[in-house]
A.B. asks: 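Would you mind keeping the following structure in view while I ask a few things?
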4 protein chains.
Amino acid sequence: MPRPGRKRSEQSRQAILTAALELVAETGYGGLTVEAIAARAGVGKQTIYRWWPSKADVLLDALTAKASTFVPVPDEGSYAADLRAFLLATFTLGRDPRVVDVLRALMTHSQLDPAFGERFRVGFLQARRDALGVLLDRAAARGELPATPSPGTVADIVFGIVWYRVLATRQPLDPAQAEELLALLTGSTSSP
Amino acid sequence: MPRPGRKRSEQSRQAILTAALELVAETGYGGLTVEAIAARAGVGKQTIYRWWPSKADVLLDALTAKASTFVPVPDEGSYAADLRAFLLATFTLGRDPRVVDVLRALMTHSQLDPAFGERFRVGFLQARRDALGVLLDRAAARGELPATPSPGTVADIVFGIVWYRVLATRQPLDPAQAEELLALLTGSTSSP
Amino acid sequence: MPRPGRKRSEQSRQAILTAALELVAETGYGGLTVEAIAARAGVGKQTIYRWWPSKADVLLDALTAKASTFVPVPDEGSYAADLRAFLLATFTLGRDPRVVDVLRALMTHSQLDPAFGERFRVGFLQARRDALGVLLDRAAARGELPATPSPGTVADIVFGIVWYRVLATRQPLDPAQAEELLALLTGSTSSP
Amino acid sequence: MPRPGRKRSEQSRQAILTAALELVAETGYGGLTVEAIAARAGVGKQTIYRWWPSKADVLLDALTAKASTFVPVPDEGSYAADLRAFLLATFTLGRDPRVVDVLRALMTHSQLDPAFGERFRVGFLQARRDALGVLLDRAAARGELPATPSPGTVADIVFGIVWYRVLATRQPLDPAQAEELLALLTGSTSSP
DNA sequence: TCGTAACCGAGACGGTACGTCGTGTCTTCAG
DNA sequence: CTGAAGACACGACGTACCGTCTCGGTTACGA
């Protein structure tokens with residue numbers, strides 16, 4: 001049942017998302033203020049607060065709306081092929097500076113704002129783990145999964161390396177490293 | 001050659017470091033303000049600004065001064081033993097909530113303040129990588145090092161998993177996972 | 001053409017003016033801080049800085065708004081009657097401790113802040129001289145004005161005595177002295 | 001009986017007085033800080049606080065030390081001659097910008113610091129009134145004094161006009177105005 | 001077609017913290 | 001003991017954003 005009243009302005013929504021992405025790319029999270037987003041988008045602050053709980057939620061929205069953050073997990077037939085596909089898709093995404101800037105901002109904000117931290121953990125980080133989980137379950141069903149790095153540890157390793165490079169070393173993700181990781185995790189030819 | 005003028009007050013320095021650690025434990029980085037540190041330490045704000053470039057530098061100082069952050073790397077005779085020692089020391093440290101709170105704050109601030117980010121990267125993160133590097137060099141000299149995960153990737157994996165759990169999942173570091181990691185990286189008996 | 005946005009709060013404005021007057025009466029100009037005004041008025045500091053260039057401008061506003069600083073110059077029929085009315089009104093105002101406290105603060109601030117000094121001189125001091133000037137012009141037109149103390153000097157004498165007592169001797173203005181001044185300036189019966 | 005220890009440095013004293021005069025001339029009272037005086041004089045702040053209760057006392061000291069502030073009151077033979085001498089000496093002094101700058105600073109500080117205000121009133125302002133008082137007493141003894149402006153009012157008029165021009169209009173004192181004042185106060189030929 | 005309700009931009013509001021400046025006191029070392 | 005140097009606790013400064021709250025004005029549905 002459509003309520004009365006003016007409709008939400010799609011134009012303002014787009015302007016806000018774009019402004020947020022631009023600002024985070026230009027100045028980092030430190031220079032990202034609600035006032036600056038509103039000013040650049042030509043929008044009142046209230047319009048932002050009306051639709052998003054925090055500026056990080058704006059970014060999260062922008063990330064899922066603009067970039068195709070979604071990493072599909074098609075069945076490639078084997079654990080190795082599945083994992084390779086997942087890693088390459090993930091590492092490719094992690095080479096886009098615009099995406100990386102947003103990821104940094106999201107993780108930073110989740111440390112400052114516990115409520116957002118929970119949303120981010122449940123709605124984003126866990127979703128990525130689940131995607132990898134699907135793949136690992138499939139491998140387990142096939143009996144392909146090595147016993148020793150438990151699925152949880154595999155996820156910790158894969159996402160750990162991504163976030164560590166994004167936040168700590170700030171070096172772009174390297175596809176060659178994805179292959180190293182693949183070899184390590186599938187146990188193929190790793191003897192001295 | 002001692003300069004003239006009053007000496008720096010060691011008492012104030014200690015009070016500031018302690019206050020910073022307490023506040024970050026109580027309220028997280030979000031509640032850590034220079035004013036609050038100064039108030040709790042019974043100190044003027046200027047005394048903090050005089051000696052530390054930012055509040056995160058205070059924490060970094062407190063971390064290295066109070067907690068024995070230093071992870072020594074004695075030669076245990078083999079790569080596996082060396083790495084086990086390193087991982088256990090690291091994971092143990094990463095189970096101390098006071099240390100973890102500070103680590104979160106440091107990484108958060110390094111995203112907000114690029115200048116501190118550089119200091120943190122060079123003075124802390126790289127130092128930890130170097131410690132692991134000593135160990136890996138020793139193993140390479142002995143010919144014990146598996147070919148495939150390059151030393152850089154080993155470091156990314158080890159520190160990646162630590163930081164990912166500290167920042168993202170917020171689950172305490174698990175010694176059993178250290179053993180998993182050890183098995184994986186030394187290539188010992190990991191077939192299904 | 002009304003601009004968009006929330007209107008200025010008249011309630012805040014009144015609270016600020018009142019707080020400023022109270023504080024200057026209680027503690028003098030030395031104890032008058034923008035922070036104290038804001039705190040007492042239950043107002044953010046920014047609200048003060050938004051509307052007044054300095055704390056003295058708040059006081060000046062309060063003086064003209066609250067106290068009836070205005071000294072009317074009705075035509076009393078003769079120079080002597082006009083001047084008596086002017087002097088009595090001025091001296092009466094100068095006996096109100098609340099007014100005197102503010103005057104002291106304004107003159108003090110005008111020495112500290114040259115920009116305010118100019119505003120004060122043009123917008124307040126000159127206005128008072130002009131009021132006296134009207135009266136003197138009228139007397140001149142009637143041919144009542146003694147030749148020797150030029151109008152400018154008459155003004156210097158009248159306002160000089162007021163400010164000197166306010167700032168230097170800190171003695172309340174004395175109506176009897178107004179009569180002395182009147183006799184002197186109108187040249188009535190002043191021989192030995 | 002000479003106390004033990006190092007003697008007070010006359011060189012430092014002179015440097016402080018000179019620095020204070022220079023600063024007040026360059027920046028007015030607003031830019032006159034103890035730190036700036038100490039820095040320019042090449043002196044520790046403590047040396048200033050040791051010998052003067054406030055920065056205004058430094059200026060007061062400098063004024064009486066450097067400029068010959070003293071207005072002598074020789075007996076010129078008649079009230080008119082005495083008063084003319086006094087007024088011309090006073091107005092001449094009040095035409096020196098360096099003196100005027102200091103006077104402004106002293107009066108300003110006396111509004112901010114009640115203790116200095118009292119010192120200034122008793123030690124400086126009253127001294128000037130007393131000088132004029134000597135002259136008026138002499139005239140009274142001779143029977144030359146007009147009845148109507150009482151001696152106190154004469155003083156209020158004379159010093160009022162000086163301070164009013166120094167603080168309020170900021171116009172230099174005018175010798176012609178001294179003559180006007182003289183004519184007015186001695187009652188000589190002032191009919192229309 | 002006319003409320004009425006939700007939207008919009010703008011921007012003022014009460015707050016909190018920022019980083020800086022000056023105060024007057026204190027501590028250190030040199031003369 | 002004085003003097004230069006400078007660190008100290010303190011308090012106010014003026015600014016930047018926060019998240020909230022009016023404003024006047026604009027859609028757009030339902031009576």
A.B. asks: OP1 or OP2 of F:dA4 less than 4.0 angstrom from a side-chain nitrogen or oxygen of D:T47, does that happen here?
C.D. replies: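 So the side chain of D:T47 is within the cut-off, an N or O lying under 4.0 Å from OP1 or OP2 of F:dA4.
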A.B. asks: So, for B:R104 and B:V166, which heavy atoms are closest and what is the spacing to 0.1 Å?
C.D. replies: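 Taking every non-hydrogen atom into account, NH1-O, 2.7 Å.
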A.B. asks: Does B:F116 have B:K55 sitting over its ring (NZ/CZ under 6.0 Å from centre, angle to axis within 45°)?
C.D. replies: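 B:K55 over B:F116 ring: no.
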A.B. asks: Between C:L60 and C:F124, which heavy-atom pair has the shortest distance, and what is it?
C.D. replies: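 Taking every non-hydrogen atom into account, CD1-CD1, 3.8 Å.
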A.B. asks: Indicate whether OP1 or OP2 belonging to F:dG24 is found under 4.0 Å from a side-chain N or O atom of C:R3.
C.D. replies: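 No, outside the criterion.
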A.B. asks: Are more than 12 heavy atoms from other residues, nucleotides or ligands located less than 6.0 Å from atom CD of B:E26?
C.D. replies: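 Counting other residues, nucleotides and ligands, CD of B:E26 exceeds 12 neighbours.
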A.B. asks: Starting at CD of A:Q11 and ending at C1' of E:dG9, how long is that distance when rounded to a whole Å?
C.D. replies: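 Rounded to whole Å, this separation is 12 Å.
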A.B. asks: Distance check: side-chain N/O of D:W51 vs OP1/OP2 of F:dG3, anything under 4.0 Å?
C.D. replies: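 For F:dG3, OP1/OP2 do have a side-chain N/O of D:W51 under 4.0 Å.
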A.B. asks: If I compare all heavy atoms of B:A62 with all of B:L17, which pair ends up nearest, and what's the gap?
C.D. replies: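 What the structure gives for the nearest pair is N-CD2, 3.7 Å.
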A.B. asks: If you compare every side-chain N and O of B:K7 against the phosphate oxygens of E:dC29 (OP1, OP2), does one of them come in below 4.0 Å?
C.D. replies: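 Checking E:dC29 against B:K7, a side-chain N or O does come within under 4.0 Å of OP1 or OP2.
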A.B. asks: Nearest whole angstrom, please: distance from the P of F:dA12 to the CG of C:D113.
C.D. replies: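 Rounded to the whole Å, the gap is 19 Å.
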A.B. asks: A side-chain contact here means heavy atoms from C-beta on lying under 4.5 Å apart; do B:Q111 and A:H109 qualify?
C.D. replies: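 No, side chains not in contact.
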A.B. asks: From F:dA4, E:dC13, E:dA12, pick the nucleotide closest to the side chain of D:V43?
C.D. replies: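 Nucleotide nearest to D:V43's side chain: F:dA4.
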A.B. asks: Does D:S12 put a side-chain nitrogen or oxygen below 4.0 Å from OP1 or OP2 of F:dA4?
C.D. replies: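 Yes, because at least one side-chain N or O of D:S12 sits under 4.0 Å from OP1 or OP2 of F:dA4.
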A.B. asks: Do nucleotides 15-21 of chain F as a string where each nucleotide becomes B, S or -: B if the base has a protein heavy atom under 4.0 Å, S if just the sugar-phosphate does, - if no protein is that close.
C.D. replies: BBSBBBB
A.B. asks: Counting just side-chain N and O atoms, does A:R50 come under 4.0 Å of either OP1 or OP2 of E:dC8?
C.D. replies: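 It does, given that an N or O in the side chain of A:R50 lies less than 4.0 Å from OP1 or OP2 of E:dC8.
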A.B. asks: Starting at atom CD1 of C:I48, determine the distance to atom P of E:dA12, rounded to an integer number of angstrom.
C.D. replies: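 The answer, rounded to whole Å, is 16 Å.
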A.B. asks: Separation of C:W52 atom CH2 from E:dA12 atom C1', in whole Å?
C.D. replies: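 Taking CH2 of C:W52 and C1' of E:dA12, I get 13 Å after rounding.
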